[in-house]
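These values consider heavy atoms only, across backbone and side chains, with no hydrogens, waters or symmetry-generated copies.
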Amino acid sequence: MVLFKRKKKDHLLKLERNLITISNSKSIISEQFRTIRSNITFSAPKEKLKTLLVTSSLSSEGKSTNVANLGVVFAQEGKRVLLVDADMRRPTLHHTFRLSNKEGLSSVLIKHETIQKAVQETSIVGLDVITSGPLPPNPSELLASQMMDTLLSIVEQEYDLVIFDSPPLLPVTDARILSNKCNGTLLIVNRNKTKKADVLKAKAALTNSQAKILGIVLNNSTMPQKHHYYQYH
């Protein structure tokens, strides 16, 4: 049964920002996202990996950019993908995909909106988004609620893969709550910014939450000179 129907929208003809997997799909960086896609696929049993959390130790490590581009490459593979902006503190996915954030995840969790109405399509075939919605005063409590469990059970039936963007691990508890609910967790590490001690703290926090850590993505890592020029992932 199809719960969510994609509707045509004229504004979706605009190019999403910061999505190199669309603007330059043949670049080395885009190929790296496809490599990550393959690694994620092989790192967990297919029948169990329905929900994936992407997080980081601290802010500004590139997790939201990774979420958006991973969503694109999984959709390009033919999967039906849902991105959920569970960062109800500093959300960005509505900017990336040029979507309205009037209603979203917070609206669903406080039962002001249905899940079906909160889902928005993108211009990428097979890729939908639930934005964060209005910023609530209690995001951690909402993510730990029974309504969050209900949302998970519904979207898992409709989509091949649901990818969650979340706040960083160390400042707040949101990502730890979600990591316990998701089938796998991907940790983004900024090579030029993140300290080893913070990565170890983040790993410990995920372990204590009984998260299944699928791996780490090293962000802002310079490619070897043999590629003739430098690019960053």
Side-chain angles (χ1 to χ4, degrees), residues 36 39-40 43-45 48-68 70-71 81-94 104-111 115 118 129-156 159 161-191 193-219:
I36 296 170
N39 290 341
I40 290 172
S43 65
K48 291 185 178 180
L49 186 59
K50 296 282 288 186
T51 53
L52 173 67
L53 172 68
V54 179
T55 188
S56 59
S57 306
L58 300 169
S59 62
S60 303
E61 295 198 56
K63 62 178 178 57
S64 297
T65 299
N66 275 268
V67 166
L70 283 173
V81 182
L82 176 68
L83 303 183
V84 181
D85 197 339
D87 189 342
M88 293 182 284
R89 300 173 190 270
R90 297 180 61 185
T92 62
L93 287 184
H94 62 288
L105 179 61
S106 63
S107 312
V108 174
L109 296 182
I110 62 174
K111 302 181 181 179
I115 299 173
V129 174
I130 295 180
T131 64
S132 70
L135 304 188
N138 58 337
S140 297
E141 288 80 0
L142 291 181
L143 293 173
S145 68
Q146 180 61 48
M147 188 59 199
M148 185 66 200
D149 294 336
T150 300
L151 181 147
L152 277 166
S153 66
I154 292 174
V155 296
E156 283 179 12
Y159 291 91
L161 180 64
V162 184
I163 305 177
F164 289 88
D165 188 9
S166 76
L169 278 158
L170 299 185
V172 293
T173 62
D174 303 26
R176 278 171 267 185
I177 294 170
L178 275 176
S179 69
N180 181 261
K181 296 177 181 288
C182 291
N183 301 143
T185 297
L186 197 64
L187 184 64
I188 309 300
V189 175
N190 189 321
R191 180 180 181 274
K193 178 181 178 180
T194 313
K195 297 179 180 179
K196 181 179 179 180
D198 291 330
V199 177
L200 294 175
K201 289 178 184 177
K203 180 180 181 295
L206 290 173
T207 300
N208 290 337
S209 299
Q210 297 183 324
K212 180 175 182 179
I213 305 173
L214 299 182
I216 292 175
V217 174
L218 192 61
N219 210 28

Can you tell if the side chain of [X] reaches within under 4.5 Å of the side chain of [Y], non-hydrogen atoms only?
| X | Y | value |
| --- | --- | --- |
| L143 | L105 | yes |
| L152 | F164 | yes |
| N190 | S57 | no |
| L214 | L49 | yes |
| L142 | M148 | no |
| D87 | P167 | yes |
| N208 | R176 | no |

Near K201 NZ, under 6.0 Å, is it more than 12 heavy atoms from other residues, nucleotides or ligands?
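No - once you tally the heavy atoms of other residues, nucleotides and ligands closer than 6.0 Å, there are 12 at most.
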Are the side chain of [X] and the backbone N or O of [Y] linked by a donor-acceptor pair below 3.5 Å?
| X | Y | value |
| --- | --- | --- |
| K50 | S153 | no |
| T185 | I213 | no |
| Q210 | N180 | no |
| S56 | P168 | no |
| N219 | E61 | yes |

Could you give the distance from [atom1] ([X]) to [atom2] ([Y]), rounded to the nearest 0.5 Å?
| X | Y | atom1 | atom2 | value |
| --- | --- | --- | --- | --- |
| L200 | K196 | CG | NZ | 6.0 Å |
| S60 | I188 | OG | CD1 | 13.5 Å |
| S43 | K212 | OG | NZ | 7.0 Å |
| L206 | L53 | CG | CG | 7.5 Å |
| S145 | I177 | OG | CD1 | 9.5 Å |
| S59 | R90 | OG | CZ | 5.5 Å |

Answer yes if the side chains of T92 and S64 hold a donor-acceptor pair under 3.5 Å, and no otherwise.
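Short answer, yes.
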Exercise: identify the closest heavy-atom pair between S106 and P134
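In terms of heavy atoms, the two residues are closest at OG-O, 2.7 Å.
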So, for A175 and T55, which heavy atoms are closest and what is the spacing to 0.1 Å?
CB-OG1, 3.5 Å
Take S140 and R89 through the test side chain to side chain donor-acceptor pair (under 3.5 Å) and record every step on the way to the result.
CA-CA 10 Å; S140 297; R89 300 173 190 270; 3.2 Å; yes
Under the criterion side chain to side chain contact (heavy atoms under 4.5 Å, CB included), which of V199, D198, L187 is the partner of L169?
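In the set V199, D198, L187, the residue that makes a side chain to side chain contact (heavy atoms under 4.5 Å, CB included) with L169 is L187.
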Just to verify, which of N66, V84, V54 counts as forming a side chain to side chain contact (heavy atoms under 4.5 Å, CB included) with I163?
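The single option meeting the side chain to side chain contact (heavy atoms under 4.5 Å, CB included) with I163 is V54.
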For a side chain to side chain contact (heavy atoms under 4.5 Å, CB included) check, start with the C-alpha distance between T51 and K181, then their side-chain angles and the critical distance, and finish with the verdict.
CA-CA 8 Å; T51 53; K181 296 177 181 288; over 6 Å; no
One pair to check against side chain to side chain contact (heavy atoms under 4.5 Å, CB included): L93 and T131. What are the steps and the verdict?
CA-CA 6 Å; L93 287 184; T131 64; 5.6 Å; no
Could you walk me through whether L186 and L70 pass the side chain to side chain contact (heavy atoms under 4.5 Å, CB included) check?
CA-CA 11 Å; L186 197 64; L70 283 173; 3.9 Å; yes
Apply side chain to side chain contact (heavy atoms under 4.5 Å, CB included) to L218 and V189, showing your working.
CA-CA 5 Å; L218 192 61; V189 175; 4.3 Å; yes
